[in-house]
Amino acid sequence: MEEKIYPVAGIVNSPHQFSYENGIVVTCVEPGLARGELRAGPDSINPHGMIHGGAMATLADTVAGCCACSKGGNCVTASSSMEFLRPAQGDLFCEATPKKLGRQLSVIQVTITNAGGKTVATGTFSFFMARPGEG
């Protein structure tokens, strides 16, 4: 299956965007699905040499937001929760799918895996939705 990139990914993957500057690249956005990865570097780690939880949360929020906007419109994060399941090292991969894609509120679930395919974190993100030109 050919992966598609929708316009939101072009913005997120641009220099001077927070996620881009923190090593995050969105690799797929299509209706009801988004994927991205954290290309871990020396600025991604905590004092213990593991990927910082904030880096994982940023990856999850970015990819979830792209999923929420995958059918058009704009969004901002309303709430989030993360479960950090095991320490992580190296590049990480995130997949986001909707629990609900709504006109005013969308709820997205995320799974973050390591290069070996093990789940290192999961999360749920809620987004306020706006159509272009609103807000």
Side-chain angles (χ1 to χ4, degrees):
M1 179 173 128
E2 178 182 317
E3 293 194 321
K4 298 177 182 176
I5 300 287
Y6 280 64
V8 68
I11 297 167
V12 171
N13 290 340
S14 297
H16 307 298
Q17 291 293 308
F18 182 78
S19 53
Y20 176 86
E21 297 297 336
N22 284 279
I24 295 167
V25 176
V26 174
T27 58
C28 171
V29 179
E30 57 187 55
L33 174 70
R35 291 188 186 107
E37 54 191 65
L38 169 65
R39 296 178 181 160
D43 296 329
S44 304
I45 60 171
N46 66 22
H48 309 290
M50 302 295 170
I51 301 298
H52 193 286
M56 286 192 264
T58 299
L59 171 63
D61 185 44
T62 300
V63 177
C66 288
C67 183
C69 295
S70 65
K71 291 188 174 183
N74 300 316
C75 68
V76 295
T77 307
S79 68
S80 66
S81 68
M82 292 286 301
E83 301 83 33
F84 300 101
L85 305 174
R86 62 176 40 94
Q89 291 181 304
D91 294 348
L92 298 178
F93 306 90
C94 182
E95 181 170 288
T97 56
K99 289 183 175 187
K100 173 191 182 204
L101 285 178
R103 200 170 54 82
Q104 295 180 323
L105 183 75
S106 291
V107 181
I108 309 297
Q109 59 189 14
V110 299
T111 301
I112 299 176
T113 56
N114 62 20
K118 289 192 177 205
T119 300
V120 297
T122 59
T124 302
F125 289 75
S126 298
F127 296 90
F128 289 118
M129 303 303 297
R131 297 293 158 218
E134 291 181 353

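Position 1 is the first residue of the sequence, and the numbers go up from there. Because the structure is predicted, anything quoted here is derived from the model rather than measured.
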Trainee: Between D61 and T77, does any side-chain donor sit less than 3.5 Å from a side-chain acceptor?
Mentor: yes

Trainee: Could you pull out the closest heavy-atom pair between C75 and C69, with the gap in Å?
Mentor: SG-SG, 3.0 Å

Trainee: Could you tell me if T97 and Q109 have a donor-acceptor pair between their side chains, going purely by distance under 3.5 Å?
Mentor: yes

Trainee: Other residues, nucleotides and ligands only: do more than 12 of their heavy atoms fall within 6.0 Å of OH on Y20?
Mentor: no

Trainee: Would you mind reporting whether I11 and Q17 have side-chain heavy atoms less than 4.5 Å apart?
Mentor: yes

Trainee: Between CZ of F125 and SG of C67, what distance do you get to the nearest 0.5 Å?
Mentor: 12.0 Å

Trainee: Closest heavy-atom contact between L59 and G36?
Mentor: CD1-C, 4.1 Å

Trainee: Look at the side-chain heavy atoms of Ile, Leu, Val, Met, Phe, Trp and Tyr, link any pair under 4.5 Å apart, and say whether M129 and V107 land in one connected group.
Mentor: no

Trainee: I'd like to know whether V110 forms a side-chain contact (heavy atoms from CB on, under 4.5 Å) with E95, so could you lay out the CA-CA distance, the side-chain angles of the two residues, the decisive distance to 0.1 Å, and finally the verdict.
Mentor: CA-CA 6 Å; V110 299; E95 181 170 288; over 6 Å; no

Trainee: Give a yes or no on whether the backbone of G32 and the side-chain of S70 come within a donor-acceptor separation of less than 3.5 Å.
Mentor: yes

Trainee: Quick one: pull up CG in L101 and NZ in K71 and give me the separation to the nearest 0.5 Å.
Mentor: 5.5 Å

Trainee: Measuring from R35:CZ to F93:CZ, what's the distance to the nearest 0.5 Å?
Mentor: 12.0 Å

Trainee: Please report the C-alpha distance between L105 and S126 in whole Å, then the side-chain angles of each, then the deciding distance to 0.1 Å, and finally whether the side-chain contact (heavy atoms from CB on, under 4.5 Å) criterion is met.
Mentor: CA-CA 7 Å; L105 183 75; S126 298; 4.3 Å; yes

Trainee: Kindly compute the distance separating CE (M56) from OG1 (T122), expressed to the nearest 0.5 Å.
Mentor: 11.0 Å

Trainee: Rounded to the nearest 0.5 Å, how far does CZ of F127 lie from OG of S106?
Mentor: 8.5 Å

Trainee: So do the side chains of K118 and T113 get within less than 4.5 Å of each other, counting heavy atoms only?
Mentor: no

Trainee: Taking the side chain as every heavy atom from C-beta outward, state whether L85 and V120 have any pair of such atoms under 4.5 Å apart.
Mentor: no

Trainee: Do D91 and L38 touch side chain to side chain, with heavy atoms closer than 4.5 Å?
Mentor: no

Trainee: For R103, does the CZ atom have more than 12 heavy-atom neighbours from other residues, nucleotides or ligands under 6.0 Å away?
Mentor: no

Trainee: Using the side-chain contact (heavy atoms from CB on, under 4.5 Å) rule, take V12 and C66 through it: C-alpha gap first, then chi angles, then the decisive distance, then the call.
Mentor: CA-CA 9 Å; V12 171; C66 288; 4.0 Å; yes

Trainee: Can you list, pair by pair, the side-chain donor-acceptor contacts under 3.5 Å of residues 43-54, counting residues two or more places apart and other chains?
Mentor:
from	atom 1	to	atom 2	distance (Å)
S44	OG	G41	N	3.2
N46	OD1	H48	N	2.8
N46	OD1	G49	N	3.2
N46	OD1	M50	N	3.2
H52	ND1	G54	N	2.7

Trainee: Find the distance between OG1 (T62) and CD1 (I24) and round it off to the nearest 0.5 Å.
Mentor: 4.5 Å

Trainee: Using the rule that two of Ile, Leu, Val, Met, Phe, Trp, Tyr join whenever any of their side-chain heavy atoms come within less than 4.5 Å, decide whether M82 and V63 are in one cluster.
Mentor: yes

Trainee: Quick check: does any side chain N or O of N114 sit under 3.5 Å from a backbone N or O of A88, one acting as donor and the other as acceptor?
Mentor: no

Trainee: Looking at side-chain heavy atoms only, is the closest gap between T58 and F18 below 4.5 Å?
Mentor: yes

